[in-house]
Undergrad: 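To start, I am sharing the structure in question, which I have written as structure tokens.
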Amino acid sequence: MTGELYLISNGFQPEYEVGFANAACESTFSVTLIGSDSTLYTRLNHKCSFSNLRGSQTQSRTKVDKAFNLIRYFFRYGLIALKKREAVFHFNGLFCFKTGFPALIEAFFDRIVCRTFWLTVHNILPHDAEGWVNRLCFRHIYKMPDKLIVHTEDMRRRLVFEYGVKNNKIIVIEHGIDKFHYPDANLRNEFRFNNGIQQSSTVLLAFGNVSPYKGTDELIDALSLIKNPSRITLIIAGKASSKE
């Protein structure tokens, strides 16, 4: 396929956002990433355009500021979608409204303004929100996009058999990494030296948000079961997303 591709991530994991955009630039599409002040735009491939439609995402904003910003955001990308009728709009992550009926309404809005609408499904249902309301809402949400992108065959099967999605509208793409910024052997060796990690030590990296469902506490407990735990170095690189 050729044409214009607009990537909308709604602030979902900046590292993933940039990595996906850079990889998309290797396709035949002309890529534009719609982001915010927190987007890692300096790391974008030179082929990728950047449009800051979401602006500031600071937590200190008032509720009025957040509401106004959100309305303006929907209005601005809605106008682009109505103007760029031949473009593909790929929602690469969560909606602004992550769960329930607000997410359903947002998906309905996207279906109206976007002629071609794709959605990456990172999880079948949002974490810690797997009640009947979300099951009902996402059963309808998953019928709206023209294509659904998932990371595993198991997710494809669940969408088909549990949510009634047609098999031919699902694409399986393995979860990738931003190869433009993957550290080479010299950088990895330098990291080991600067942090006092022996070359013989196996390094385990847990990166991303530290959330209850990630099982970071279980990983730490599991290290005590290893016969020679001194041969293992665990690096937890991420911020806690909850107080639990």
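Just so you know, these numbers use all the heavy atoms, side chains as well, and skip hydrogens, waters and symmetry mates.
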Undergrad: Of the non-hydrogen atoms in Ile124 and Met155, which two are nearest, and what is the gap between them?
TA: CD1-O, 3.9 Å
Undergrad: Within the distance-only criterion (no hydrogens, no angle test), does the side chain of Glu4 pair as donor or acceptor with the backbone N or O of Lys84 below 3.5 angstrom?
TA: no
Undergrad: Does CZ in Phe193 sit with more than 12 non-hydrogen atoms of other residues, nucleotides or ligands closer than 6.0 Å?
TA: no
Undergrad: Take a 6.0 Å sphere around CD of Gln198 and say whether it holds more than 12 heavy atoms from other residues, nucleotides or ligands.
TA: no
Undergrad: Do any N or O atoms from the side chain of Asn92 and from the backbone of Ser9 form a donor-acceptor pair under 3.5 angstrom?
TA: no
Undergrad: Is a donor on one side and an acceptor on the other found under 3.5 Å between the side chain of Lys169 and the backbone of Lys143?
TA: yes
Undergrad: Report the C-alpha distance between Lys66 and Gln59 in whole Å, list the side-chain angles of each, state the deciding distance to 0.1 Å, and finish with yes or no for side chain to side chain contact (heavy atoms under 4.5 Å, CB included).
TA: CA-CA 9 Å; Lys66 291 179 180 179; Gln59 296 298 319; 4.2 Å; yes
Undergrad: Going by the angle between their ring planes, with limits at 30° and 60°, are Phe20 and His90 parallel, tilted or perpendicular?
TA: perpendicular
Undergrad: Can you give me the closest heavy-atom contact between Tyr73 and Asn10, atom names plus distance?
TA: OH-OD1, 2.7 Å
Undergrad: Is Asn195 reaching over with its side chain to a backbone N or O of Ile197, donor-acceptor style, under 3.5 angstrom?
TA: no
Undergrad: Which atoms form the tightest heavy-atom contact between Asn168 and Lys147, and what is the distance?
TA: O-NZ, 3.2 Å
Undergrad: Using 30° and 60° as the class boundaries, would you call the ring planes of Phe91 and Phe117 parallel, tilted or perpendicular?
TA: perpendicular
Undergrad: Report yes or no: does Thr39 contribute a side-chain atom to a donor-acceptor pair with the main-chain N or O of Tyr41 at less than 3.5 Å?
TA: no
Undergrad: Between Arg61 and Thr58, is there a donor-acceptor pair closer than 3.5 Å when you use the side chain of the first and the backbone of the second?
TA: yes
Undergrad: Quiz question: by atom type and distance under 3.5 Å, do the side chains of Thr32 and Ser51 form a donor-acceptor pair?
TA: no
Undergrad: Mind checking whether Ile141 and Phe108 have side chains closer than 4.5 Å, heavy atoms only?
TA: no
Undergrad: Backbone N or O of Glu130 within a donor-acceptor pair of the Asn134 side chain at under 3.5 Å?
TA: no
Undergrad: Go through Arg157 and Glu162 one step at a time and tell me if the salt bridge (charged side-chain N to carboxylate O under 4.0 Å, His left out) criterion holds.
TA: CA-CA 8 Å; Arg157 286 191 292 271; Glu162 296 181 27; over 6 Å; no
Undergrad: Angle between ring planes, Tyr163 versus Tyr142, binned at 30° and 60°: parallel, tilted or perpendicular?
TA: perpendicular
Undergrad: Determine yes or no for a side-chain-to-main-chain donor-acceptor pair under 3.5 angstrom, with Asn52 supplying the side chain and Gly55 the backbone.
TA: yes
Undergrad: Identify the heavy atoms of Val150 and Arg156 that sit nearest to each other, and give their distance.
TA: CG2-N, 4.1 Å
